**Q** 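I have a structure here, written as structure tokens, and I will follow up with some questions on it.
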Number of protein chains: 2
Amino acid sequence: MATTTAAQRRAQAKAEYDAFLAACPSRQLLDRISDKWVTLVLCALGAGGAMRYSELSRKLAGVSQKMLTQTLRALESDGLITRTVTPTVPVTVSYELTRLGSSLHLTVRALKSWAEANMDEVLARRSPG
Amino acid sequence: MATTTAAQRRAQAKAEYDAFLAACPSRQLLDRISDKWVTLVLCALGAGGAMRYSELSRKLAGVSQKMLTQTLRALESDGLITRTVTPTVPVTVSYELTRLGSSLHLTVRALKSWAEANMDEVLARRSPG
DNA sequence: CGGGATCCGCACGGATACTG
DNA sequence: CAGTATCCGTGCGGATCCCG
């Protein structure tokens, strides 16, 4: 049928990715996004819209320039965020979620919220009787 | 007021956890759960119910004994999974999600699914034109 | 301001051997 | 089967200096 479209074939291919398999590309992708700084960057950008480098640096307390830059570069190359340079003096750089990044933002935000919401319960179970 | 109950004060405290802050306990918790092996273990247990050590080892292709054991111990001490030893010969050990673990499972499953569903798009953006 | 480049410690994580 | 113990490489991540 003519209705076996590219979209359908893509859906078929998608179903074949399995992060449980060591060699599957999605395993590497999962490793990438299962990262503290990735989660916090996406949460920050998702909540605040476009943000500048220094804003992110302040928001993500304790992050080093190296890790922040490294994280931003990785997210950019994976198409999750955009990097926009405005040639002011001094230069202004702002980061923003792409549509792809926004879709992930929903999930990582849930992860961060879970950590905050269940902190008490975890603490109670760590040093109990 | 007498209506300022312990439950209310606890709700207040919960709202104060902020993973953006370096010193906040939830930051450490976020770091813990933002882990590839944690995600995969929770996904496996969430999908298959109770599982034995060797089952997990097979399901999570490529994981070393050290990392698997380490991950299981951490999840156990945080109250996310239970460890049950049955004194057969040889001994049988099975792991299962707690209620707390189940609530996190929903989120990490979304993370894994996202990685698998959006793999194509990320790959397309990595080596573009 | 927004990084790049470099040095370096150390802890993360793999491999192997051994145990109850 | 389900680990524990040990050795060991390496890359994560912090600190520092420099640049446009």
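The chains referred to below are lettered A, B, ... by the order of the sequence lines, with proteins before strands, and numbering in each begins at 1. Remember, it's a predicted structure, so these values are computed and weren't measured experimentally.
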**Q** Quick one: B/Met67 CE to C/dG14 P, roughly how many Å, whole number?
**A** 6 Å
**Q** A/Ser57 side chain to A/Tyr53 main-chain N or O, any donor-acceptor pair under 3.5 Å?
**A** no
**Q** Any side-chain N or O of B/Ser54 under 4.0 Å from OP1/OP2 of D/dA2?
**A** yes
**Q** Could you tell me how far apart A/Tyr95 (OH) and C/dG2 (P) are, to the nearest whole angstrom?
**A** 8 Å
**Q** Which nucleotide in the set D/dT4, D/dC1, C/dG3 lies at the smallest distance from any side-chain heavy atom of A/Arg83?
**A** C/dG3
**Q** Can you tell me how far C1' of C/dG20 sits from OH of B/Tyr53, to the nearest Å?
**A** 15 Å
**Q** Is it true that a side-chain atom of A/Arg52 and a backbone atom of A/Val93 form a donor plus acceptor pair closer than 3.5 Å?
**A** no
**Q** Of the candidate nucleotides C/dG20, C/dG13, D/dT4, which contains the atom at the shortest distance from the side chain of B/Val91?
**A** C/dG20
**Q** From CG of A/Leu56 over to P of C/dG2, roughly how many Å is that when rounded to an integer?
**A** 10 Å
**Q** How many whole angstroms separate atom CD of B/Glu55 from atom P of D/dA2?
**A** 8 Å
**Q** In whole Å, what is the span from the CD atom of A/Glu76 to the C1' atom of C/dG3?
**A** 13 Å
**Q** Look at the side chain of B/Arg32 and the backbone N and O of B/Asp78, then say whether any donor-acceptor pair between them is shorter than 3.5 Å.
**A** no
**Q** Calculate the interatomic distance between A/Leu72 atom CG and D/dG13 atom P; express it in whole Å.
**A** 14 Å
**Q** Which of the following nucleotides, D/dC1, D/dT4, D/dT16, is nearest to the side chain of A/Gln65?
**A** D/dT16
**Q** Quick one: which of C/dG3, D/dC1, D/dG3 gets closest to the side chain of B/Arg73?
**A** D/dG3
**Q** Specify the residues of residues 19-42 of chain A, ordered by number, for which at least one heavy atom lies under 4.0 angstrom from an atom of DNA chain D.
**A** none
**Q** Measure from the side-chain heavy atoms of B/Lys66 and tell me the nearest of C/dG4, D/dG3, C/dA15.
**A** C/dA15
**Q** Okay, side chain of B/Thr98, backbone of B/Gly101: is any donor-acceptor separation there less than 3.5 Å?
**A** yes
**Q** Rounded off to whole Å, could you give me the CZ-to-C1' distance for the A/Arg58 and C/dG2 pair?
**A** 13 Å
**Q** Do A/Tyr95 and A/Leu75 have side chains that get closer than 4.5 Å, going by heavy atoms?
**A** no
**Q** Any sub-3.5 Å donor-acceptor pair from A/Thr69's side-chain atoms to A/Lys66's backbone N or O?
**A** no
**Q** Testing the basics here: between A/Asp18 and A/Ser26, what is the closest heavy-atom pair and its distance to 0.1 Å?
**A** C-OG, 3.6 Å
**Q** Of the nucleotides D/dG3, D/dG14, C/dC1, which has the atom closest to the A/Arg52 side chain?
**A** C/dC1
